Number of protein chains: 2
Amino acid sequence: MEYDGSVCSVARTAAVLSDTWTVLVLRDVRHGVRRFDDLTAHLGIARNVLTRRLATLVDAGILDRVPYREAGSRLRHEYVLTQAGQDLVPVIIAMMGWGDRYRADPDGPPMRVEHAECGSPVHVELRCTDGHRIDPQEGLRTTPGPGARRTPTGGCS
Amino acid sequence: MEYDGSVCSVARTAAVLSDTWTVLVLRDVRHGVRRFDDLTAHLGIARNVLTRRLATLVDAGILDRVPYREAGSRLRHEYVLTQAGQDLVPVIIAMMGWGDRYRADPDGPPMRVEHAECGSPVHVELRCTDGHRIDPQEGLRTTPGPGARRTPTGGCS
DNA sequence: CAGTATCCCAAGCGATACTG
DNA sequence: CAGTATCGCTTGGGATACTG
């Protein structure tokens with residue numbers, strides 16, 4: 001789908017993440033579930049669908065398909081995050097945070113993400129390059145950037 | 001779609017955001033494009049689709065439909081972000097940041113988000129509640145939370 | 001202007017069967 | 001184990017026409 005993706009980074013990212021399984025595959029790969037059958041078992045995704053999804057993600061530069069060989073068995077592949085894939089982690093954590101808050105499980109969050117060093121819970125924050133922490137409601141100003149198109153309705157968002 | 005959404009906050013959020021137009025509608029509403037016709041014009045979305053999308057988002061508690069009346073015309077509605085909708089802003093900013101980096105327009109970013117007070121560019125960061133800034137590659141540890149199901153494959157992600 | 005109603009199409013998913 | 005191939009179903013999007 002195109003939806004003005006030609007002019008908006010949000011749209012372009014949405015195009016990458018929009019289908020059902022993509023973020024869940026990334027989530028699992030990040031947690032170390034890297035092999036085809038493990039993914040099918042863990043996600044409950046149909047195998048043909050997983051095939052397509054992995055191929056798409058490799059094409060998109062988000063996953064790498066790396067060969068490996070275990071002693072005594074034939075060549076296999078596993079899927080690892082590229083740099084671009086790793087840089088989607090904040091998006092995923094942001095989504096997790098929202099889900100924890102607004103689509104909470106009555107038992108509490110199913111997964112807890114903590115700082116490896118100190119063990120405190122992790123969240124996403126908006127910050128500017130000057131290091132100020134920013135309130136999402138009040139602290140943001142959005143202006144057209146260099147790549148913006150000028151349109152009658154006010155340009156890209 | 002369900003995709004284990006019963007146990008994962010990422011999946012639950014993905015279910016809300018997954019269809020094509022949702023994030024773009026939110027993006028536009030956040031920028032002040034709040035009225036039906038403005039949205040159709042700005043997004044290029046089919047009107048019936050927008051109707052459905054807005055209804056879904058209102059149902060999901062992400063948008064409010066608030067009536068207003070301009071002098072001399074009949075009652076209209078506009079769509080504004082609820083608190084839950086506002087709390088999706090970090091997700092959107094995170095997506096924008098990724099798109100700017102990995103799906104960049106040759107002319108540069110189409111939209112620039114800056115700190116209203118100081119004008120510096122804004123990005124998302126991972127932080128723990130102790131205030132440490134966290135490296136997405138190395139600094140995260142993920143553990144099952146109270147709401148986790150125990151499954152043979154290692155539980156929810 | 002702000003929608004609703006109808007109809008069609010394409011894409012994505014799942015089930016099942018097959019392969020090296 | 002790690003996929004590919006084929007199929008049918010469901011859903012979301014678009015076009016068009018209609019309404020207060």
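Everything numeric here is computed off the predicted structure, so don't read it as measured data. Atom set for the values below is all heavy atoms of this structure, side chains included, hydrogens, waters and symmetry mates excluded. Naming convention: chains lettered A, B, ... in sequence-line order (proteins, then strands); numbering from 1 in each chain.
Within the 3.5 Å criterion, the main-chain N or O of R103(B) finds a donor-acceptor partner in the side chain of R12(A). Under the 3.5 Å distance criterion, the side-chain polar atoms of S120(A) are left unmatched by any main-chain donor or acceptor of H115(A). Side chain of T82(B) to backbone of I62(B): a donor-acceptor contact under 3.5 angstrom is found. A donor-acceptor pair under 3.5 Å is formed between the side chain of T13(A) and the backbone N or O of M95(B). When atom types are taken as modelled, the side chain of D130(A) and the backbone of H132(A) share no donor-acceptor pair closer than 3.5 angstrom.
Y68(A) has a side-chain polar atom (N or O) that falls below the 4.0 Å cut-off from OP1 or OP2 of dA2(D).
Atom pair R34(A):CZ and dC1(D):P shows a separation of 19 Å (rounding to whole Å applied). Straight-line distance from the CG atom of L54(B) to the P atom of dC1(C): 16 Å, rounded to whole Å. Here dC1(D) presents its P atom at 15 Å from OH of Y79(A), a figure rounded to the nearest Å. What separates CG of D38(A) from P of dG3(D) is a distance of 11 Å, to the nearest Å. In this structure, the CG atom of L50(A) is 15 Å from the P atom of dG12(C), given to the nearest Å. When the C1' atom of dC1(D) is taken as reference, atom CZ of R69(A) falls 14 Å away, rounded to whole Å. For R35(B) and dG3(C), the CZ to P distance is 11 Å, given to the nearest whole Å.
Side chain to side chain, D100(B) and S9(A) meet the donor-acceptor criterion of an N or O pair below 3.5 Å. Looking at T56(B) and D59(B), their side chains never bring a donor and an acceptor atom within 3.5 Å of each other. Donor-acceptor pairing under 3.5 Å is lacking for the side chains of Y79(A) and R34(A). Side-chain polar atoms of R30(A) and T142(B) form a donor-acceptor pair below 3.5 angstrom.
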Interface polar pairs with nucleotides 16-20 of chain D, N/O, under 3.5 angstrom:
from	atom 1	to	atom 2	distance (Å)
dG20(D)	N2	R74(B)	NH2	2.6

What are the atom names and distances for every N/O pair under 3.5 Å that joins the protein to nucleotides 10-12 of chain D?
none

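The pair E70(B)-R35(B) meets the salt-bridge criterion, since a charged nitrogen lies less than 4.0 angstrom from a carboxylate oxygen.
Note on the helix from dC1(C)-dG20(D) to dG20(C)-dC1(D): angle between the axes of the first and last five pairs equals 40°, rounded to 10 degrees.
Rounded to the nearest 0.5 Å, atoms CZ (R112(B)) and CD (E114(B)) are 7.5 Å apart.
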